[in-house]
Amino acid sequence: MRYSEMFLPTIRELPSDAEVVSHQLMLRAGMIRRLANGIYSYLPFGYRAIRKVEQIVREEMNKAGAQELFMPMVQPAELWQESGRWQLYGKELLRFKDRGEREFCLGPTHEEVITDIVRNEVKSYRHLPRNLYQIQMKFRDEVRPRFGVMRCREFAMKDAYSFDADYAGLDMSYQKMHKAYCNIFSRCGLEYRAVEADTGSIGGSSSHEFMVMAQTGESEVVYCPQCQYAANMEKAEIAKPQDVAPLNANKFLPMEEIYTPNVRTIEEVCNFLQVSAKDVVKTLIMVADGNPVAILIRGDEDVNEIKVKNYLQCAEIELADETTIMSVAGSPRGFVGAVGIKCRVIADYSLLGAGNVVMGANKEDYHSKNANPGRDYDVKEFADLRVMHDGDVCPRCGSLIRIVRGIEVGHIFKLGTKYSEKLRAVFLDAEGKERVMIMGCYGIGIGRTVASSIEQNHDESGIIWPMAIAPFDVIITTVNINDELSHSRSQQLYDELSAAGVDVLWDDRNERAGVKFNDADLLGIPLRITIGPKKISENIVEIKERKSGAVTEIGFSEICSKVLEVKRKLLG
RNA sequence: CGGGGCGUAGCGCAGCUUGGUAGCGCGCCUGCUUUGGGAGCAGGAUGUCGCAGGUUCGAAUCCUGCCGCCCCGACCA
């Protein structure tokens, strides 16, 4: 492609409303333009990167035995009513009516449609397993779209769905996808980690997120440098403490009520009573599917709501409102404790062996000191309910864990029968018995993958593409396009490289060298060949690697094979 | 949905307090010079000042309503 003919509008100045690097650089490098809130167009340069990622995804998915198909983005309400998600999905599901007043939605995902297709066509175990995928636009009416293409409303996603006859089959399908995802993200040149994840509202038994490591990532993940354990924050397990000394009732001090006017937060309690947060018990009243429950945790720890939700196996969980707190504790927020509380009580492991603690007295403006379990209040259940933090140890091997930030680019789930049951996707097994198909689903955010590569690979001057997903392999920078020899040699090289299957952008614009060099750096094309008037008269050109900055001078006749060699090397 | 901020040329912004016919930088167009890290000189084009209403002789500026966008929070496959 000739730069002078390409639609490639670069921006010199920083766009004011772009927060993260990938968003800024994608705008500046002429990759994307915003159409509406959370809705973006990909311009030619950006779309080339998208296509490269898609191609890698296709190759690896096909290699893993999946088959590509293409499903509609507009989906009828009936299907969603059948799965029950028409009610459950909430406002992220964009709904509308056609001219005949029939209800539709824009697909935020395609479990319903794929299950409908498969249930209509697959009736026998002989036709299982199957894995079908597509690369399609999804629409999710996000509460707050941001970070450009990272968290937007309309986005391209590769979604695959597996159908198996039994759970052993699902395990195999899942493993194949896990492997394929590793191949995909490795080939894209990303530093990533597969972490255990909570299955969330999509349901199912097991799940991994593929996280690209980046400071600007929206979620935190923990991993163990010693063993293989890795999980996201919601899921990160904390082992039950082993060597906890049993409470000795002889050491119990008499419980006292202390007047603590307007002292509500843990911090205020600590200051007022001159105690450490570790001696205070935090009592949170939560409502799980309508039932109040008290969660006890050490004052310096935080409750992980997902863990509570999973422990209680409830559908909804939220902090209780003032009225509910009043009715179970008899006191307002800030003075709640376990003594005499009128609801189920669950304590975090951090309270195992804790005695003579401070907690709310369930009486406005009072706290209790030297409260003790067994004597003053009852705790029958202990569980892992807290948020992991620095200093915690690996639940598998006991080494210190690490916490890093990441961007979720892929997510795989074992769905089980959640959709196949609702939509009656059944088949006959070898004995002629009807059985429900076992499903898995597997997603990759295409645009997000491109954006996360930029988050991971850039410098002050611009993007630094890995060869595998770079929009072009090489840029030829002709320093002075009006110099006849420079022009003819550039043309010759451009033709030669193109014929050899290299994606080459030839900067043939009548611009000053500085402008071209800066654009080349901004665009981040892995290799730059500079053709200048002096050097080319001696048959010499320069080749510069964007990533290392290393410059090599080389004879004109050897440049083409050199490029092919370096390209091969950079593709690994 | 709550809190904060912003809307003026393609982009980035000033002007608004104190009302008087719209400005800067970049970009764009023309010409000449220049050509290895975002050139110089000369000339030029470009605006429903987000929208609607109100106050006023007169509104980008003051008032009211609406719309859009950004940030923080809540939420979230």
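The sequence lines fix the lettering, A, B, ..., with proteins before strands; numbering per chain opens at 1. Quick caveat: nothing in here was measured; it's all calculated off a predicted structure.
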Would you mind telling me which of [options] lies closest to the side-chain atoms of [X]?
X        : options             : result
A/His411 : B/C76, B/A77, B/G38 : B/A77
A/Arg140 : B/C75, B/A77, B/G36 : B/A77
A/Asn510 : B/G36, B/U35, B/A74 : B/U35
A/Arg34  : B/C71, B/C70, B/A77 : B/C70
A/Ala513 : B/A77, B/G36, B/C69 : B/G36
A/Phe413 : B/G38, B/A77, B/G36 : B/A77
A/Arg146 : B/C71, B/A77, B/A39 : B/C71

Pairing check on [N]: which nucleotide meets the Watson-Crick or G-U wobble criteria with it, both distances under 3.5 Å?
N     : answer
B/G27 : none
B/U56 : none
B/C69 : B/G5
B/C32 : B/G40
B/U61 : none

Is [X] near enough to [N] that one of its side-chain N or O atoms lies under 4.0 angstrom from OP1 or OP2?
X        : N     : value
A/Arg144 : B/C72 : yes
A/Asn37  : B/C70 : yes
A/Arg512 : B/G38 : no

| Should the pair A/Tyr192 and A/Phe185 be assigned to parallel (<30°), tilted (30 to 60°) or perpendicular (>60°) ring geometry? |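 Aromatic pair A/Tyr192/A/Phe185 classed tilted.
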| task | Classify the angle between the aromatic ring planes of A/Phe210 and A/Tyr181 as parallel (below 30°), tilted (30 to 60°) or perpendicular (above 60°). | result |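 Tilted: the ring planes of A/Phe210 and A/Tyr181 meet at 30° to 60°.
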| task | Classify the side chain of A/Asp483 and the base of B/U35 as holding, or not holding, a donor-acceptor pair under 3.5 Å. | result |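 Between B/U35 and A/Asp483, which were checked side chain against base, a qualifying N/O pair under 3.5 Å is absent.
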| query | Is there a donor N/O on one and an acceptor N/O on the other, under 3.5 Å, for the side chain of A/Arg528 and the base of B/G37? | reply |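 In this structure, the two groups form a donor-acceptor pair.
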Ion pair [X]/[Y], N-O distance below 4.0 Å:
X        : Y        : answer
A/Asp519 : A/Arg509 : yes
A/Arg58  : A/Glu68  : yes
A/Lys562 : A/Glu542 : no

| query | Hey, does A/Thr530 reach any base, or is it just sugar-phosphate, or nothing, if we go heavy atoms under 4.0 Å? | reply |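 If one applies the 4.0 Å heavy-atom cut-off, A/Thr530 turns out to touch a base.
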| task | Quick one: label A/Lys535 by what it contacts on the DNA or RNA (base, sugar-phosphate, nothing), any heavy atom closer than 4.0 Å. | result |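 Base contact.
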| task | Compute the ring centroids of A/Trp80 and A/Tyr89, then answer whether they are less than 6.0 Å apart. | result |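 Yes, the ring centres sit under 6.0 Å apart.
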| task | Examine A/His458 together with A/Trp465 and report whether their ring centres are nearer than 6.0 Å. | result |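 Between A/His458 and A/Trp465, the centre distance exceeds or equals 6.0 Å.
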| request: Examine the side chains of A/Ser162 and A/Tyr174 and answer whether a donor and an acceptor come within less than 3.5 Å of each other. | output: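 No - no donor-acceptor pair under 3.5 Å links their side chains.
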| Taking atom C1' of B/U35 as reference, at what distance in whole Å does atom NE2 of A/His487 sit? |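 It is 15 Å, rounded to the nearest whole Å.
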Grab the N/O contacts between the protein and nucleotides 40-47 of chain B below 3.5 Å, and write none if there aren't any.
none

Considering only nitrogen or oxygen atoms on both sides, find all protein atoms under 3.5 Å from nucleotides 23-28 of chain B and state each distance.
residue, atom, partner, partner atom, Å
B/G25, N2, A/Glu13, OE2, 3.2

| said: Rounded to the nearest 0.5 Å, what separates atom CG in A/Leu27 from atom CD in A/Glu13? | reply: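 Rounded to the nearest 0.5 Å, the CG-CD separation comes out at 13.5 Å.
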| message | Give me the distance, rounded to whole Å, that separates B/U64 from B/G23 when you measure between the P atoms they each carry. | response |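 Straight-line distance between the two P atoms is 29 Å.
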| request: Could I get the full list of side chain to side chain donor-acceptor pair (under 3.5 Å) partners for A/Ser219, not counting sequence neighbours? | output: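 Here no residue qualifies.
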| query | Cation over ring, A/Arg489 on A/Phe556, under 6.0 Å and within 45°? | reply |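 Flagged: A/Arg489 positioned over aromatic ring of A/Phe556.
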